[in-house]
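To start, the structure under review is shown below, and the notes come after it.
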2 protein chains.
Amino acid sequence: MTEHAKQSLPHRRTRHDHSTELAEDYVEAIAEISSSDRNCRIVDLAKYFGVSHVTVNRMVGRLQNEGLVSTEPYKPVRLTAKGSRLANRCRERHEIVYQFLLAIGVDPQAAAIDAEGIEHHVSPETLECFVQQTKAKQC
Amino acid sequence: MTEHAKQSLPHRRTRHDHSTELAEDYVEAIAEISSSDRNCRIVDLAKYFGVSHVTVNRMVGRLQNEGLVSTEPYKPVRLTAKGSRLANRCRERHEIVYQFLLAIGVDPQAAAIDAEGIEHHVSPETLECFVQQTKAKQC
DNA sequence: ATTAAATTGTAGTCGAGGCTACAATTCTGT
DNA sequence: ACAGAATTGTAGCCTCGACTACAATTTAAT
Ligand SMILES: [Mn+2]
Ligand SMILES: [Mn+2]
Ligand SMILES: [Mn+2]
Ligand SMILES: [Mn+2]
């Protein structure tokens, strides 16, 4: 650790959050689409994220390299066990952030938008505080 | 607007937040360093963010193109009026997010780290809710 | 005044994440 | 069965944000 690591730690952490963000959103999306549709296709993900199918195609390849999804040419995308576990964790965290924003009075539309970005920067400690606050508000 | 814009709006918004994030963090850092040191140098920013001076150098060039900073070769980096206004807005938003996290019980270290990423995804509506919550807790 | 150190600039590389254009494959309707 | 539509894959391009290695300039020490 360099002398200024303490100073730059928050920004280093933010950069790390961003490096894992897409994988998290992808497995979450694949889980959601798979549960309703039964089959998650490349085009579904392209529509979901608002990007081209080419971008999705390459990202799915990366997720496969990381062991999070399994797919074959021209076949649907499925989550591996590892991918499923990650998806569940992300879905729970996302839901906690979203419900917390609602609980403090943010309107549903803004809460949905903000939660999509915020979720990736919430540490376990902060997440726990969100849970407690949401509970408190519901009493 | 395409047919699925509504579905993909949160992710589009998150991508947009990320596209403006670095400029926001840079002007905020330049303002902070300038206020204590008097002179903000490339190396100061490199240490502050934990990146190489080359990365900073190019980013400062971009900020200059956007009219946020002014600098000359081998000279310190200064904020323009426009850059100063942006820095002030970002500093205020950052502080609100940080104080809010403290108010709901997050420890200072975690709050500092999480706030650095969260701040860029907080809409004006949500920010206002943060302010109200922080006030409420202080009573 | 010279040398050494610090700072800044430049050249060239890399991977991530976006795109368009086009080719290949699979699915669907008649 | 086969033509057309939808889907998926491939080639090639771009910008951003990071890096190393090295050159130029400025600052500091002797
Ligand atoms: Mn999500
Ligand atoms: Mn997200
Ligand atoms: Mn930040
Ligand atoms: Mn972010």
Side-chain angles (χ1 to χ4, degrees), chain A residues 2-5 8-9 11-27 29-30 33 37-66 68-78 116-117 120, chain B residues 2-5 8-9 11-27 29-30 33 37-66 68-78 116-117 120:
Chain A
T2 80
E3 196 187 332
H4 296 82
S8 62
L9 199 151
H11 289 103
R12 290 177 182 280
R13 169 69 164 279
T14 300
R15 291 197 294 272
H16 176 266
D17 293 342
H18 288 160
S19 76
T20 56
E21 171 162 351
L22 268 187
E24 293 175 351
D25 282 338
Y26 266 74
V27 295
I30 293 167
I33 293 169
D37 260 18
R38 204 74 181 81
N39 267 354
C40 177
R41 311 296 314 215
I42 298 283
V43 271
D44 298 323
L45 291 167
K47 284 172 190 166
Y48 189 92
F49 289 114
V51 297
S52 76
H53 80 275
V54 182
T55 298
V56 173
N57 195 41
R58 198 187 24 193
M59 182 58 58
V60 166
R62 263 182 226 144
L63 296 177
Q64 193 166 27
N65 287 345
E66 295 174 34
L68 294 169
V69 311
S70 80
T71 182
E72 291 163 84
Y74 297 96
K75 291 282 171 60
V77 182
R78 283 169 304 127
E116 196 57 71
H120 309 280
Chain B
T2 80
E3 196 187 333
H4 297 83
S8 61
L9 199 151
H11 290 103
R12 289 177 182 279
R13 170 69 164 279
T14 300
R15 290 197 294 273
H16 176 266
D17 292 342
H18 288 159
S19 76
T20 56
E21 172 162 349
L22 268 187
E24 293 175 351
D25 282 339
Y26 266 74
V27 295
I30 293 167
I33 292 169
D37 260 18
R38 201 76 179 82
N39 267 355
C40 177
R41 310 297 313 215
I42 298 284
V43 272
D44 299 323
L45 291 167
K47 284 172 190 165
Y48 188 93
F49 290 113
V51 298
S52 75
H53 81 276
V54 183
T55 298
V56 173
N57 195 42
R58 199 186 25 186
M59 182 58 58
V60 166
R62 263 183 225 142
L63 296 177
Q64 192 166 27
N65 287 344
E66 295 174 35
L68 294 169
V69 311
S70 80
T71 182
E72 290 163 84
Y74 298 97
K75 292 281 172 59
V77 182
R78 285 169 304 128
E116 197 57 70
H120 309 279

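Throughout, protein chains are lettered first and strands after them, A, B, ... in sequence-line order, and every chain is numbered starting at 1.
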**Request:** Mark up nucleotides 6-13 of chain D, 5' to 3', with B wherever a protein heavy atom is under 4.0 angstrom from a base atom, S wherever such an atom reaches only the sugar-phosphate, and - elsewhere.
**Result:** -SBBBB--

**Message:** Atom NE2 of residue position A/His18 - does it have more than 12 heavy atoms of other residues, nucleotides or ligands inside 6.0 Å?
**Reply:** yes

**Complete:** What one should report as the nearest heavy-atom pair of B/Cys40 and B/Leu45 is SG-CG, 3.8 Å

**Message:** Taking CZ in B/Arg15 as the centre, count heavy atoms belonging to other residues, nucleotides or ligands within less than 6.0 Å. Is the count above 12?
**Reply:** yes

**Complete:** Taken to the nearest whole Å, CE/A/Met59 to C1'/C/dG17 is 6 Å

Exercise answer: donor-acceptor pairs, residues 53-65 of chain B side-chain atoms, under 3.5 Å, sequence neighbours excluded:
unit_1: B/Thr55; atom_1: OG1; unit_2: B/Ser52; atom_2: OG; d: 3.2
unit_1: B/Gln64; atom_1: NE2; unit_2: B/Thr71; atom_2: O; d: 2.9

**Sidechain-backbone polar pair: A/Arg41 side chain, A/Tyr74 backbone, donor-acceptor under 3.5 Å** = yes

**Request:** Please determine which of B/Asp25, B/Thr20, B/Thr14 meets the side-chain hydrogen bond (donor to acceptor under 3.5 Å, both in side chains) test together with B/His120.
**Result:** B/Asp25

**Request:** Mind listing the closest non-hydrogen atom pair of A/Ser8 and B/Lys47 along with its distance?
**Result:** CB-O, 3.6 Å

**Item:** Taking every non-hydrogen atom, the tightest pair across B/Ala29 and B/Tyr48
**Value:** CB-CE2, 3.5 Å

**Prompt:** In residues 14-25 of chain A, what residues come within less than 4.0 Å of DNA chain C, judged by heavy atoms?
**Reply:** A/Leu22

**Request:** Return no unless some side-chain N or O of B/Ser52 is found under 4.0 Å from OP1 or OP2 of D/dT20.
**Result:** no

